[in-house]
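Report on the structure given below.
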Amino acid sequence: MDSKVTVAVRCRPLMPREERAGAEAVVVLTDRQVSVGDPVELAARGSSPILGRNFAFDLVLGGDSQAEVHETLGVPLLRHAWRGLNASIFAYGQTGSGKTYSMTGGDGDERGIIPRVCEGLWDAADAHSATHETTVEASYMEVYNERVRDLLVPTGRPLKVREHPTKGACVPELTVVRVRGRNELAELLSVGSDARATAATRGNARSSRSHAVVSLVVSRRRRSGSSEGITEEGWWSGLDAPGSCTSTIRLVDLAGSERVAVTGTDGARLQEAKAINKSLAALCDVVSALAANSRKKKAFVPYRNSALTWLLKDSLGGNAHAAMLATVSPSDRHFEETVATLKYAFRARRVKCRATVNLVEDLPEEVLPSPPSPAVVVRRSSPRRSPQQPKQVRWPRLTNLNPDPAFAGAAWAPIRDGATVLGCTAEADCVVRGSGVAPRHAVVCCSSAQGVVVLCALPGAETHVDGNRVAMDEREATRLEHGSRVVLARRLAFRYEARQDESLDAFDATDAWHAAIAEVSQKGSGAFADEFRGLSQLDDEEASQPARAASPDPPEYTTARAPDPVPRVVVGGGPSPRKSAPRPLTPPRSEALGDADLDDLAAAQAQLDAILGAPPAYVASRQ
């Protein structure tokens with residue numbers, strides 16, 4: 001279902017302090033048209049503002065009350081969501097123009113769009129309670145200085161944005177609450193609003209210093225066999241809605257754009273203003289590209305230039321009905337900001353959206369309505385995994401680490417019982433190809449019954465575990481623990497995972513790669529350790545440089561030398577031919593193994609000797 005973005009403009013009246021300062025109104029509102037007069041031209045010619053710059057919009061709101069604004073923008077959004085269509089509202093404008101007042105408002109009749117939309121959802125849910133089961137899941141986050149923060153559980157820790165194969169951009173660690181009623185939802189909104197970053201500036205006594213996003217996931221499932229009709233009337237009357245569906249509502253209160261020379265910000269407020277203007281500029285670039293694509297052009301849409309635009313990717317020209325509320329000031333002292341806001345809103349009218357109905361299955365007859373839980377249920381969103389493409393993963397395993405998130409965690413090698421040979425030739429059990437990897441580089445001995453996994457390096461092969469050098473020439477072996485980082489040769493790093501509950505994603509694997517390099521540079525010795533220290537120094541120099549503008553492609557790690565190819569792990573292969581007799585395995589010096597561990601290690605050594613063609617050399621000595 002194709003539709004264009006609905007754009008509404010709301011102009012607040014002059015404030016008392018602006019009237020005392022001698023400000024004059026240069027904005028004139030008519031039916032679906034906004035006219036702005038240049039203060040310089042008006043002073044010179046004495047003409048009316050209606051002879052200035054004119055802009056046409058879908059809706060023009062002047063002295064409308066909060067209830068009228070909700071009827072104009074909030075009710076259409078609720079009707080879309082009740083039909084199973086995603087919907088969103090954006091509030092955009094300069095600082096102090098009334099965005100937060102329009103979206104959040106105050107108490108009583110001063111309530112804004114967000115609390116009125118939440119009340120409207122529960123009104124419809126109560127009216128359909130006899131025939132449908134309705135659930136609402138809420139989340140509240142802010143983008144502060146290009147960092148995503150949770151407002152329902154305000155820990156201050158920045159959260160990472162991920163790209164889900166089916167859900168699009170999401171925040172896996174964001175708190176999602178399944179609410180039981182309108183009072184709990186209102187309380188959650190109050191908690192999130194109080195935790196939002198605000199500060200006083202010259203332009204606004206309580207200026208929002210972050211972009212706030214309220215997300216509501218509404219699921220309606222019809223009960224099989226229900227025939228009782230709806231007795232109450234409301235905004236849902238006459239709406240042709242499917243029996244069971246789900247939708248996502250996003251209510252976005254953007255921080256106001258500001259000119260530093262006007263607001264007089266400095267210090268921390270100056271850094272916040274830079275981040276706000278940067279994200280709003282990225283949002284304008286996205287809207288411009290989407291508007292160009294609506295005219296059958298093929299312009300690149302830079303969603304990933306900002307965390308804000310990445311989060312709102314689906315709401316901007318995606319699978320959602322979108323509406324924009326542009327708020328302006330009538331004062332002649334804000335002429336440039338008012339014209340810029342109107343130009344941006346006028347451009348957004350050309351953006352096309354393609355919303356589709358999200359259908360779900362009806363409830364079976366034997367499922368009865370469950371009573372409300374005794375407390376609010378807080379959960380985390382599901383991890384990034386495509387349900388259409390399940391991936392069979394075995395544990396324990398070695399997962400590859402890489403400085404590029406596009407390749408980190410993309411390959412893994414299962415650790416089987418007995419001995420597993422790692423090397424660069426096809427004869428190895430697990431083929432790992434890269435600079436400095438020997439044909440038979442290392443051996444991993446595993447006993448799943450006792451949970452003993454030991455790694456040893458073959459002659460001439462450099463291997464480090466958690467920064468410590470492991471060499472079979474020194475008759476050493478290292479026991480692998482869950483989370484141990486293994487570095488083969490120069491730059492090929494892996495992490496040992498003993499169980500499933502700590503599986504890696506791409507960004508965690510990238511952080512672990514840098515941690516592995518730092519460990520070797522601090523603890524290691526020799527030529528390889530010196531090279532690792534050079535890589536760590538390059539990392540520090542790159543981190544100290546000013547941040548570059550984000551690009552749509554994953555970043556590449558750059559060093560003075562050409563990067564080695566990505567490790568290629570291939571499971572399978574025949575036994576390795578013998579070239580040198582292996583040294584006997586010695587238990588790790590850091591801890592003493594029990595009798596059962598020594599027996600399992602001896603059995604693994606026997607299998608290793610059989611693979612390498614050497615006579616048994618390890619004899620477990622019991623203390």
Side-chain angles (χ1 to χ4, degrees), residues 9-12 14-27 36 38-40 53 90-103 142-149 158 196-213 252-288 302 305-309 312 324-348 544-550:
V9 175
R10 189 181 192 187
C11 181
R12 63 167 175 80
L14 285 173
M15 295 182 179
R17 60 181 178 86
E18 293 176 337
E19 294 178 346
R20 291 192 299 268
E24 296 182 357
V26 295
V27 177
V36 185
D38 191 336
V40 178
R53 306 180 183 183
F90 301 86
Y92 178 86
Q94 72 174 98
T95 179
S97 60
K99 299 180 305 302
T100 303
Y101 174 76
S102 300
M103 296 299 294
E142 68 173 355
V143 181
Y144 175 75
N145 285 344
E146 285 299 304
R147 295 175 179 268
V148 180
R149 301 196 302 189
R196 186 180 178 186
T198 58
T201 63
R202 188 183 301 174
N204 191 357
R206 196 172 186 271
S207 175
S208 300
R209 314 308 294 170
S210 64
H211 311 291
V213 181
V252 185
D253 181 15
L254 299 173
S257 60
E258 57 185 61
R259 290 189 300 170
V260 177
V262 175
T263 58
T265 56
D266 57 359
R269 304 288 85 81
L270 178 60
Q271 298 301 323
E272 294 168 352
K274 290 180 180 179
I276 291 171
N277 292 336
K278 174 185 175 182
S279 58
L280 292 179
L283 183 62
C284 292
D285 294 340
V286 169
V287 171
S288 299
N305 280 6
S306 172
L308 175 67
T309 54
L312 304 179
M324 176 176 292
L325 176 61
T327 58
V328 296
S329 169
S331 175
D332 55 351
R333 303 187 178 186
H334 301 150
F335 169 73
E336 288 93 357
E337 292 87 343
T338 298
V339 172
T341 300
L342 294 176
K343 286 183 178 180
Y344 168 75
F346 185 79
R347 191 183 307 120
S544 62
Q545 294 179 357
R548 297 176 295 178

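What's counted below: heavy atoms across the whole structure, side chains too, no hydrogens, waters or symmetry copies.
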inquiry  = Tell me every residue that passes ring pair (Phe, Tyr, Trp, His ring centres under 6.0 Å) with Tyr144, counting only those two or more places apart in sequence or in another chain.
reply    =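 Tyr144 satisfies ring pair (Phe, Tyr, Trp, His ring centres under 6.0 Å) with no residue once adjacent residues are dropped.
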
ask   = Taking only residues two or more places apart in sequence, or in another chain, which ones meet Tyr344 in a ring pair (Phe, Tyr, Trp, His ring centres under 6.0 Å)?
value =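 Partners of Tyr344 under the ring pair (Phe, Tyr, Trp, His ring centres under 6.0 Å) test: Tyr92.
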
Looking at [X] and [Y], would you say the former's side chain and the latter's main chain have a donor-acceptor pair under 3.5 Å?
X: Arg196; Y: Ser210; result: yes
X: Glu146; Y: Ala307; result: yes
X: Glu18; Y: Ser331; result: no
X: Asn145; Y: Arg147; result: no

Which pair of heavy atoms, one from [X] and one from [Y], lies closest together, and at what distance?
X: Pro330; Y: Val27; value: CA-CG2, 3.7 Å
X: Met103; Y: Ala91; value: CG-CB, 3.5 Å
X: Thr327; Y: Ser97; value: OG1-OG, 2.7 Å
X: Arg209; Y: Ala199; value: CG-N, 3.8 Å
X: Ser208; Y: Thr198; value: CA-CG2, 4.3 Å
X: Val286; Y: Pro302; value: CG2-O, 3.5 Å

Can you find a pair of side-chain heavy atoms, one from [X] and one from [Y], that are under 4.5 Å apart?
X: Thr95; Y: Ile276; result: no
X: Leu325; Y: Arg10; result: yes
X: Gln94; Y: Thr338; result: yes
X: Glu337; Y: Ser329; result: no

query = Checking side-chain contact (heavy atoms from CB on, under 4.5 Å) for the pair Val328/Val36: CA distance, chi angles, key distance, verdict?
reply = CA-CA 11 Å; Val328 296; Val36 185; over 6 Å; no

Pair Glu258 + Arg269, salt bridge at N-O below 4.0 Å =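 No, Glu258 and Arg269 are not salt-bridged.
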
task = Can you sort out the partners of Glu336 under salt bridge (charged side-chain N to carboxylate O under 4.0 Å, His left out), two or more places apart, ordered by chain and number?
result =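 Glu336 satisfies salt bridge (charged side-chain N to carboxylate O under 4.0 Å, His left out) with Arg259 only.
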
message = Side chains of Ser306 and Ser279 only: does a donor on one sit below 3.5 Å from an acceptor on the other?
response =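 Ser306 vs Ser279: no donor-acceptor pair found between side chains.
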
Interatomic distance, [X] atom [atom1] to [Y] atom [atom2] [nearest 0.5 angstrom]:
X: His334; Y: Thr341; atom1: NE2; atom2: OG1; value: 11.0 Å
X: Leu14; Y: Glu19; atom1: CG; atom2: CD; value: 5.5 Å
X: Asp285; Y: Leu280; atom1: CG; atom2: CG; value: 11.0 Å
X: Lys99; Y: Leu254; atom1: NZ; atom2: CG; value: 8.0 Å

Residue Tyr101 excluded, over 12 heavy atoms near OH under 6.0 Å =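 Yes.
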
inquiry  = Under the criterion side-chain contact (heavy atoms from CB on, under 4.5 Å), I'd like the reasoning laid out for Leu312 against Phe90: C-alpha separation, chi angles, the key distance, then a yes or no.
reply    = CA-CA 10 Å; Leu312 304 179; Phe90 301 86; 3.3 Å; yes

